[in-house]
Asks: 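One structure, as structure tokens, below. Some questions next.
Protein chains get the first letters and strands the later ones, always in sequence-line order, with residue 1 at the start of each.
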Number of protein chains: 2
Amino acid sequence: MASDRGRKSTIYDIATSTGTSPATVSMVLNGTWQRYRISEATAARVLGAARDIGYTTNMKARGLRLARSGLAGMIMPHYRNRFFAGLSETFEAGARARGFCPMVVSTQRQPETEREVVERLLSHQVEFLFIVGVARPEPLNDLCHAAGIPCVNIDLPGANAPSVVSDNRGGARMLTDVLLDKIAAADRGTGGTAGEEIHFLGGVAGEYATEERVAGFREALAARGLPLRDDRIHPCGYSPPVARRAAEDLCRRLGGMPAGLFVNSITAFEGAVQFFQSLDRAAFHGRFIGCFDWDPFAAFLPFPVTMLRQNVEAMIEQGFAYIEQYRPDEFPMTRIPPRFGPVAGDVRNA
Amino acid sequence: MASDRGRKSTIYDIATSTGTSPATVSMVLNGTWQRYRISEATAARVLGAARDIGYTTNMKARGLRLARSGLAGMIMPHYRNRFFAGLSETFEAGARARGFCPMVVSTQRQPETEREVVERLLSHQVEFLFIVGVARPEPLNDLCHAAGIPCVNIDLPGANAPSVVSDNRGGARMLTDVLLDKIAAADRGTGGTAGEEIHFLGGVAGEYATEERVAGFREALAARGLPLRDDRIHPCGYSPPVARRAAEDLCRRLGGMPAGLFVNSITAFEGAVQFFQSLDRAAFHGRFIGCFDWDPFAAFLPFPVTMLRQNVEAMIEQGFAYIEQYRPDEFPMTRIPPRFGPVAGDVRNA
DNA sequence: CTGAAAGCGCTTACAG
DNA sequence: CTGAAAGCGCTTACAG
């Protein structure tokens, strides 16, 4: 029954066809008609016509009039891992539950794209913006402020907006402790000092998340009185190919796998695993690998990997909380503890 | 320098502050000023003021006036695998390259959500819509037609809009052929009839993609004169837990892995792999697994897997082509051939 | 109980 | 070379 002739129908069409006025139609459609004492009969007539004609309200016009777009914006690097995919999906569900239409766009970590996309989203009048995984979010925060739009930084913090991040330091500490425990258990009785042989691979020196994780890693060692030489830290970046090479170099230098390997991020892990494929399975005997991130397939690799799963739901909830209580002059930060994901080889956890 | 006092600034603010009119400001900002013979001096003044004030044009107002929103819509099930993630990212890049702001939202395969989201996107006046992975897209296509908005179905076809899908039949044929070749090579000289021991796992009976893939699977067997009993086809759905159980039942029944296993979709594969973890590595000797989908980590499992990678870029390009040459009365379908992904254990391909 | 009117921020012929 | 005016589709006091 849709009038697919010509253009989309408007409240004027409905007013004409029902012998009422645009104002009446508007009130009926908005459900405010009883407040305006519109007769039940008129309301029913209008509603029926709207249904028959397949009317949908033009949000552009309503938004213009009301200065409320109904749009909720988010930018993020990409969707190619479970962490980012989960953040998007959770954000979308949260936005929808709050009556907004989610608008999430990926920017591939390109600062220029990030800026352009934010400007675009602002042009489209998003009512608030989640900024995910941006290394330097401050310029974007400023753009939002200039437009009078609340925003939050997720995953990577920034000075000019509230931020919610994983507890990177605490998580790294947890993960390192697990690796050290396993090494110690394997060492038991041999009096080994395997703690010295634990290495940290991946991430970017000077970047917030990496520095925090390195700090947690150091803490765990320090707590056991284990030494840590700087040459055990290899912040080779996040790209799989360079992580692959870094892992290879490391093993060549050591003459084999280190007793423990803390891999920072799933993408670095992907690279490292490419190299591990070339190793004999025996190379992993008594060696323990940890990854600060989780992936369902990575859980099924042929050697044991302990994985940390960031708490996506809690991060997004906190983001909405910050938006809802937004104060343009206070930029707190909250750290959400990650949890252990299923452990490879341990089917019960899968 | 942004005037973050009060609300967002408009062309009226700029007109006032530069002693010009809103019309002039509009022309200058749109770059059409020379066509209207506005003086260079005025143009420069306006541009400067716009920059100082941090002006961004209100797309709601412009869209309303121009009946062009600048929004490109897409709905899809979720982002939790490389295929969907790739479709989103490629779509976003394509939309941006064409001057649109992408608006992609996930619907978790819930028909109600799909409908609501499409209505919402239409309300926001998206100029066209990509409908990805929807089992029954026709009602959504009709919604778009009623609104006069072109749409295409991606991944799963529909009768009421142009569709672009992977060449499911051809791809399944390719994949099955590889598995049969490997089995034959392993069998060489033993005179075995291992072709009979190839099974198909996952997907939904009656669903387009599954039926096509089963057809390709049958074709490959038929071409070699191999028989295929119906009890070799196990369309257990896509969910990992049920696929896990199905794989387990199958192996129990056979007393071990079949010679060949064609797994339909990465999610079914995820389930099957959960079960495989409990098997001894020897169980895979001389057994060959194929998956109609690709994942970077699945490529590094401890047994050989041949994976098909759908051509996301070509699919999205074809989608845009359909939109650009849209005819509301012709609904063709194009099939894009998938390619082989890197093969597990073969580092050279990784 | 319902309609006429103004205005959200923009663009584009049309005058001058 | 530039401005006044109308109109995109809506909503909301304000009359009646």
Side-chain angles (χ1 to χ4, degrees), chain A residues 3 6-46 49-50 53-71 122-125 127 147-148, chain B residues 3 6-47 50 53-71 122-125 127 147-148:
Chain A
S3 75
R7 230 64 297 249
K8 317 178 80 154
S9 37
T10 72
I11 54 171
Y12 293 93
D13 300 328
I14 299 180
T16 307
S17 80
T18 55
T20 59
S21 76
T24 301
V25 173
S26 172
M27 293 160 185
V28 172
L29 260 25
N30 284 318
T32 54
W33 54 279
Q34 25 210 8
R35 195 145 71 64
Y36 288 97
R37 303 168 168 210
I38 303 228
S39 72
E40 192 123 10
T42 306
R45 203 147 33 96
V46 167
I53 208 177
Y55 174 83
T56 57
T57 123
N58 182 329
M59 293 300 283
K60 287 231 127 49
R62 172 189 293 186
L64 183 56
R65 177 62 237 237
L66 259 31
R68 257 197 101 260
S69 67
L71 257 21
L122 257 14
S123 274
H124 284 285
Q125 319 297 116
E127 297 188 35
Chain B
S3 74
R7 230 63 301 243
K8 316 178 81 152
S9 37
T10 73
I11 55 171
Y12 294 94
D13 300 328
I14 300 180
T16 308
S17 80
T18 56
T20 59
S21 76
T24 301
V25 173
S26 172
M27 294 159 184
V28 171
L29 259 24
N30 284 318
T32 54
W33 54 279
Q34 26 211 5
R35 194 145 72 64
Y36 288 96
R37 304 169 169 206
I38 303 224
S39 72
E40 192 122 12
T42 306
R45 203 145 36 93
V46 168
L47 254 13
I53 210 178
Y55 174 83
T56 56
T57 122
N58 181 331
M59 293 299 283
K60 286 233 127 48
R62 173 189 292 185
L64 183 57
R65 177 63 237 238
L66 258 32
R68 256 198 103 260
S69 67
L71 256 20
L122 256 16
S123 273
H124 284 285
Q125 319 296 117
E127 297 187 34

Asks: Does the dC10(C) base have a donor-acceptor partner in the side chain of Tyr12(B) within less than 3.5 Å?
Replies: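 Present.
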Asks: Nearest to the side chain of Tyr36(B) - dC10(D), dA13(C), dT12(D)?
Replies: dA13(C)
Asks: State the OG1-OH distance between Thr10(B) and Tyr12(B), to the nearest 0.5 angstrom.
Replies: 7.0 Å
Asks: Quick one: stems for DNA chain C, with Watson-Crick or G-U pairs under 3.5 Å, at least three in a row?
Replies: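 Paired runs of 3+ in DNA chain C: C:1-3 with D:14-16, C:5-12 with D:5-12, C:14-16 with D:1-3.
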Asks: Measure from CD1 on Ile14(A) to C1' on dT11(D) and round the result to the nearest Å.
Replies: 15 Å
Asks: I want to confirm an ordering. Mapping Arg65(B) and Glu40(B) to their closest nucleotides on DNA chain D, which one lands closer to the 5' end?
Replies: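 On the 5' side of the pair lies Glu40(B).
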Asks: Heavy atoms only: give me the nearest Ala61(A)-Leu64(B) pair and the separation to one decimal.
Replies: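 Heavy atoms only, the tightest pair is CB-CD1, 3.9 Å.
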Asks: Closest to the Asn58(A) side chain: dT2(C), dC10(D), dG3(C)?
Replies: dC10(D)
Asks: At under 4.0 Å, does any side-chain N or O of Thr24(B) touch on OP1 or OP2 of dT2(D)?
Replies: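 For Thr24(B), the contact criterion (side-chain N or O under 4.0 Å from OP1 or OP2 of dT2(D)) is not met.
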Asks: At under 4.0 Å, does any side-chain N or O of Thr42(A) touch on OP1 or OP2 of dT2(C)?
Replies: yes
Asks: I need the minimum non-hydrogen distance between Leu29(A) and Ala50(A), along with the two atoms involved.
Replies: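 That would be CD1-CB, 4.1 Å.
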Asks: Using atom CG of Asn30(A) as one end and atom C1' of dT2(C) as the other, report the distance to the nearest whole Å.
Replies: 16 Å
Asks: Once you apply a heavy-atom cut-off of 4.0 Å, does Ala23(A) come out as touching a base, just sugar-phosphate, or nothing?
Replies: base
Asks: NA contact type, Met59(B), heavy-atom cut-off 4.0 Å: base, sugar-phosphate, or nothing?
Replies: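 It contacts nothing in the nucleic acid.
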Asks: Grab the CZ-P distance between Arg68(A) and dG7(C) for me, whole Å please.
Replies: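 About 23 Å, once rounded to whole Å.
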Asks: What is the distance from atom NZ of Lys60(B) to atom CZ of Arg68(A), rounded to the nearest 0.5 Å?
Replies: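 Going from the NZ atom of Lys60(B) to the CZ atom of Arg68(A) covers 10.5 Å.
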Asks: Is the phosphate of dG3(C) approached by Ser21(A) (side-chain N or O, under 4.0 Å from OP1 or OP2)?
Replies: yes
Asks: What's the NZ-C1' distance between Lys60(B) and dT11(D), to the nearest Å?
Replies: 15 Å
Asks: Is any side-chain nitrogen or oxygen of Ser26(B) closer than 4.0 Å to OP1 or OP2 of dT11(C)?
Replies: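 Affirmative; the distance criterion is met.
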Asks: Of the nucleotides dT12(D), dT2(C), dT2(D), which has the atom closest to the Ser39(A) side chain?
Replies: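 Among dT12(D), dT2(C), dT2(D), the one nearest the side chain of Ser39(A) is dT2(C).
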Asks: Given atom CZ of Arg62(B) and atom P of dC8(D), what is their separation to the nearest angstrom?
Replies: 19 Å
Asks: Rounded to whole angstrom units, what separation is found between the CG atom of Leu64(A) and the C1' atom of dG9(D)?
Replies: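 So the two atoms are 9 Å apart, to the nearest Å.
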Asks: Looking at every strand, decide which applies to Ile11(B) at a 4.0 Å heavy-atom threshold: base, sugar-phosphate, or nothing.
Replies: base
